[in-house]
Amino acid sequence: MRSFNFFGRLCTAFHDYPSLSKIIVVSTLSSGSLIAYSEANTNNRNRGRVAHADAVASKKKKVVVLGTGWAAMTFLKNLNNCIYEVEVVSPRNFFLFTPLLPSVTCGKVEARSIVEPIRNIIRKKNIDVRYREAECTKIDPANNKIYCRATANTNSKRREEFAIDYDYLIIYNNLHASDPIGTTIIAVGAQVNTFNTPGVEGNCHFLKEIDDAQKIRRNVIDAFEKASLPNLTEEERKKILHFVVVGGGPTGVEFAAELHDFVNEDVVKLYPMVQNFVKITVLEATDHILNMFDKRITKFAEHKFGRDNIEVKLGSMVTKVTENEICTKAKGSDKTTSMPYGMVLWSTGIGPRPIVKDFMKQIGQGNRRALATDEWLRVEGVGNVYALGDCATINQRKVMEDITEIFKKADADNSGTLTLKEFQDISNDICERYPQMQLYLKSKPVRNIFDRPSQVKGKASKESIELRIEEFKSALSEVDSQLKNLPATAQVANQQGAYLAKCFNRMEECEINPEGPTRIRGTGRHRFRPFRYRHLGQFAPLGGEQTAAQLPGDWVSIGHSSQWLWYSIYASKQVSWRTRALVVSNWIRRFIFGRDTSGDTGLRADQDRVAKSRETPTKTLNN
C-alpha cells in the first residue's frame with residue numbers, strides 16, 4: 001500500500017511539474033557524460049603509463065616469481081612499479097584459498113569456489129606481467145637461470161622444456177637505476193612431511209592442494225556407498241567407516257570436526273543404515289591437540305571431541321601404515337598396536353619440495369628443513385634470490401652475536417663505557433634490527449638494565465651509571481631467548497608478499513634515502529626496514545557451528561559467536577568478489593539444503609574423462 005501511494009504521488013508530481021522529467025533526463029545524461037569522461041581519462045592515464053613503460057623498457061628489471069600461493073599472489077597484487085618485467089612460473093594456474101580446504105572435503109564448500117585464476121589477478125595490473133604454466137625443475141644461481149618444463153596437457157608425449165634468464169641483483173649501496181638487475185622470488189610452498197614413516201606415501205591422504213581435498217571428498221562418499229552394500233559383515237562396515245586423522249593441528253582438527261558434522265547432519269538422513277558404524281580417531285604425538293593455541297582452547301577442544309565421540313589418542317606415534325592397518329606406539333612405550341581403518345588423513349607438518357631441497361644443497365643449506373633467509377627475506381648466500389611462505393624461514397640474527405658492535409655503535413664518545421642516555425639514543429634502531437630486543441625490553445625496561453647495586457649508592461641516579469662491555473653482555477645475556485620461528489601459515493605468507501612488494505615499489509627511492517635501521521656492522525642505514533610479522537589471531541573450527549578464536553591481546557572466544565566471526569573474516573579475505581560470492585552462496589546452500597554428496601566433484605572429473613577418452617583409441621589399436 002505504501003509503495004502504491006509513493007508511485008501515485010510521483011506520477012502526480014510529474015503531471016503537476018513537467019520540468020521534473022527534464023531535470024531527470026538532463027541529470028542522467030550529465031552523469032553518463034561524467035562516467036564516459038572518467039573512463040576516457042582512465043584510458044588516457046593508462047596510455048600514459050604504457051608510454052612511460054615503453055620509455056623505461058630498456059632498463060627494466062627482470063623478476064621471476066615461482067609459485068602462485070599466498071605469498072606470490074599478494075606480491076603480484078601489491079606490485080605497481082612499472083620498472084619491472086615479471087614472469088610467473090607455476091604448474092598451478094590458479095590461486096587456492098587454502099584455509100577452506102577442510103570445508104571442501106565434506107561438501108560444505110565447492111572446490112571451484114575457493115580458486116581464482118592467476119590470469120584474472122595479473123590482467124588487472126598496469127605492469128608487464130606474464131604467466132607460464134610450467135614447473136621449475138632446477139634453479140641455477142651460478143648462471144642466473146632457471147630451468148622449466150611445461151605441464152599443460154598436450155597430445156605429445158614430450159613436454160616442452162625451456163629456460164628463463166635473469167640478471168644479477170646488486171644488493172649493496174653502489175646500486176644504480178641504470179644497472180640491469182633481476183631477481184628470483186621463490187614462493188613454491190612446501191609439501192607434507194611424512195617423517196619417512198613406512199607406507200604413508202602409498203596409503204594416506206594429504207590436504208595441501210585442491211586435488212587432495214577432492215580425492216578425500218570422493219573417498220568419503222565412496223566409503224558410505226560401499227558400506228551401504230548388502231552382504232557385508234558389521235566388522236567390514238566398521239573398518240570401511242573408520243576415519244583416522246594423524247596430527248592434532250588446526251588442519252587435522254578441522255577435518256575431524258567437518259566429518260563429524262557431515263555424519264550427524266547429512267549421513268543420518270542419507271545413509272541411516274550405516275550411521276552407527278562411523279568412527280573418527282585423531283592421533284596426536286604430543287600431549288595435547290592444538291598445542292599452538294591457548295590452553296583454554298586446547299582443553300575445550302579435547303572435551304568437545306570427547307562429547308562428540310571423536311576418539312583422541314594423545315602421545316600416540318605412527319610407526320607404519322599398511323593397506324588395511326595403521327600401527328602406532330604409545331609415548332614412552334615400546335609396544336606397537338595396530339587397528340584397521342578405511343581412510344587415513346596425514347596432517348603432521350610440512351617439509352621442503354624437491355626443487356627447494358636441490359637448491360638448498362647448491363647454496364650450502366642442505367642440512368636445513370627450510371630455506372634460510374635474512375630479515376629482508378633474501379636467501380642467505382644468494383643476494384638476488386628471495387624466499388617467502390612455507391618454503392622458507394627467517395634466520396633472525398642474534399643480539400649476542402653482534403653485542404660488541406652494538407656496544408661500540410652506542411658508545412658515541414668512545415669512552416669504553418655506556419651510559420643510559422647513549423643506549424636510549426640507539427635503542428629504537430636496535431629494537432627495529434633485533435625484534436627480540438623489543439620483547440625483552442617490555443619485560444625488563446631499559447632503566448633496569450642499568451640497575452647495578454655496586455654503583456647505585458645513596459641517591460645516585462641511574463643516568464650517571466656507566467656500563468663496561470662485560471657488564472653490558474651480562475645484562476643482555478638472556479635477550480635471545482625471546483627468539484621464535486614464524487608459523488608456516490597463510491597469514492605469514494600474505495604479510496611477507498605485501499612487505500616484499502612494498503620494498504620493490506620503493507627500491508629506487510630507498511636507494512637514495514634509506515629508511516631502515518642503522519647498520520650495526522658498517523656505516524649508514526639499511527635500505528629497508530626488516531620484515532616484521534604482526535599476528536592478527538587464529539581460528540580453530542570445532543564443529544557444531546562452534547569455533548575457537550584466539551586474537552591479539554590474549555583475547556579468547558569459543559562458541560557460536562566466534563563461528564560467525566570466522567564466516568565474516570574468511571568471506572572478507574577472499575581475493576575477488578567472484579570467489580566471495582561463491583563461498584557465501586555455498587554456505588547458504590548448506591544451511592538450506594545440506595552438503596553436496598555427489599561423487600563427481602568438478603575440477604578433476606572433467607580432466608579424468610578427457611584423459612580416459614584419449615586412452616581408449618590406443619587400447620583398441622593395441623588389441
Side-chain angles (χ1 to χ4, degrees), residues 70-71 74 78 97-100 102 248-254 257 286-305 375 388-390 393-394 396 399 424 427-449 476 478-499 502 517 529-574:
W70 278 94
T74 311
N78 289 276
F97 192 86
T98 51
L100 287 180
T251 301
V253 167
E254 185 174 353
T286 62
D287 296 330
H288 296 283
I289 60 173
L290 298 177
N291 51 23
M292 70 291 299
F293 282 77
D294 188 274
K295 292 182 179 179
R296 291 168 287 181
I297 293 178
T298 298
K299 185 177 180 180
F300 179 87
E302 292 174 353
H303 288 172
K304 186 181 186 304
F305 274 17
E375 298 86 340
L388 300 78
D390 296 350
T393 182
I394 297 176
Q396 176 63 51
V399 171
Q424 287 176 332
S427 62
N428 289 337
D429 284 324
I430 295 175
C431 290
E432 191 170 16
R433 180 65 180 83
Y434 308 93
Q436 64 268 37
M437 176 69 84
Q438 186 174 11
L439 295 174
Y440 183 75
L441 293 180
K442 286 182 179 179
S443 59
K444 189 173 183 179
V446 175
R447 299 179 68 87
N448 291 353
I449 295 177
L476 298 177
E478 299 180 358
V479 65
D480 292 320
S481 63
Q482 305 289 332
L483 278 175
K484 293 181 180 179
N485 289 330
L486 297 179
T489 62
Q491 188 177 161
V492 173
N494 187 63
Q495 293 185 26
Q496 287 179 336
Y499 163 82
K502 181 181 178 182
R529 293 185 176 90
F531 171 74
R532 289 292 175 266
Y533 169 63
R534 181 186 177 191
H535 186 61
L536 302 178
Q538 54 189 348
F539 292 91
L542 302 174
E545 293 300 315
Q546 294 189 66
T547 290
Q550 182 177 343
L551 302 179
D554 195 30
W555 190 82
V556 171
S557 175
I558 306 172
H560 298 287
S561 59
S562 300
Q563 179 68 37
W564 287 104
L565 180 63
W566 181 87
Y567 281 133
S568 61
I569 289 179
Y570 275 29
S572 65
K573 290 296 182 180
Q574 297 298 314

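What's counted below: heavy atoms across the whole structure, side chains too, no hydrogens, waters or symmetry copies.
In this structure the side chain of P99 never reaches within 4.5 angstrom of the side chain of W566, judged on heavy atoms. The closest side-chain heavy-atom distance from Q396 to K484 is not below 4.5 Å. Taking 4.5 Å as the limit, every side-chain heavy atom of P487 sits out of range of all side-chain heavy atoms of M292.
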Criterion side chain to side chain contact (heavy atoms under 4.5 Å, CB included) on I569 and K573, from CA distance to verdict = CA-CA 6 Å; I569 289 179; K573 290 296 182 180; 4.2 Å; yes
Step by step, work out the side chain to side chain contact (heavy atoms under 4.5 Å, CB included) result for L565 and L551.
-> CA-CA 11 Å; L565 180 63; L551 302 179; 4.2 Å; yes
Take L290 and L542, measure what side chain to side chain contact (heavy atoms under 4.5 Å, CB included) needs, and give me the verdict at the end.
-> CA-CA 11 Å; L290 298 177; L542 302 174; 4.2 Å; yes
Could you walk me through whether L486 and F531 pass the side chain to side chain contact (heavy atoms under 4.5 Å, CB included) check?
-> CA-CA 12 Å; L486 297 179; F531 171 74; 3.9 Å; yes
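The nearest pair of heavy atoms linking L441 to C431 is CD1-SG, 3.8 Å. Considering every non-hydrogen atom in both G543 and A257, the closest pair reads N-CB, 3.5 Å. Counting all heavy atoms, side chain and backbone alike, D480 lies closest to V399 at OD1-N, 2.9 Å. In this structure, A71 and L388 approach most closely via the heavy-atom pair CB-CB, 3.7 Å. Of all non-hydrogen atoms in G389 and Q496, the two that sit nearest each other are N-OE1, 2.8 Å. Minimum interatomic distance between Q491 and L536 (heavy atoms only, all atoms of both residues): OE1-N, 2.6 Å.
In this structure, CZ in F293 is found 10.5 Å from CD1 in I558, a value given to the nearest 0.5 Å. The OG1 atom of T298 lies 11.0 Å from the NE2 atom of H303; values are rounded to the nearest 0.5 Å. A distance of 8.0 Å separates CD of E254 from OG1 of T547, quoted to the nearest 0.5 Å. R433 CZ to N428 CG: the interatomic distance, rounded to the nearest 0.5 Å, is 15.5 Å.
Residues satisfying the ring pair (Phe, Tyr, Trp, His ring centres under 6.0 Å) criterion with F305, sequence neighbours excluded, are absent altogether. In this structure S557 satisfies the side-chain hydrogen bond (donor to acceptor under 3.5 Å, both in side chains) test together with S562, sequence neighbours excluded. By the ring pair (Phe, Tyr, Trp, His ring centres under 6.0 Å) test, H535 is found to be paired with Y533, residues two or more places apart in sequence or in another chain being considered. With sequence neighbours left out, T286 forms a side chain to side chain contact (heavy atoms under 4.5 Å, CB included) with E284, N291. Scored by the side-chain hydrogen bond (donor to acceptor under 3.5 Å, both in side chains) test, Y499 finds no partners at all (sequence neighbours excluded).
Look at E432 and R532 and you find no salt bridge, because none of the NZ, NE, NH1 or NH2 atoms lies under 4.0 Å from a carboxylate O.
Distance alone, capped at 3.5 Å, is enough to place a donor-acceptor pair between the Q550 side chain and the D294 backbone. Using modelled atom types, one side-chain atom of N78 and one backbone atom of T74 make a donor-acceptor pair closer than 3.5 Å. For Q563 (side chain) and G559 (main-chain N/O), no donor-acceptor pair under 3.5 Å exists by modelled atom type.
Annotation for K502: atom NZ does not count as buried by contact number, only 12 or fewer foreign heavy atoms lying within 6.0 Å.
Residue pairs meeting the salt bridge (charged side-chain N to carboxylate O under 4.0 Å, His left out) criterion with at least one partner in residues 541-555, sequence neighbours excluded, are R296-D554, E545-R590.
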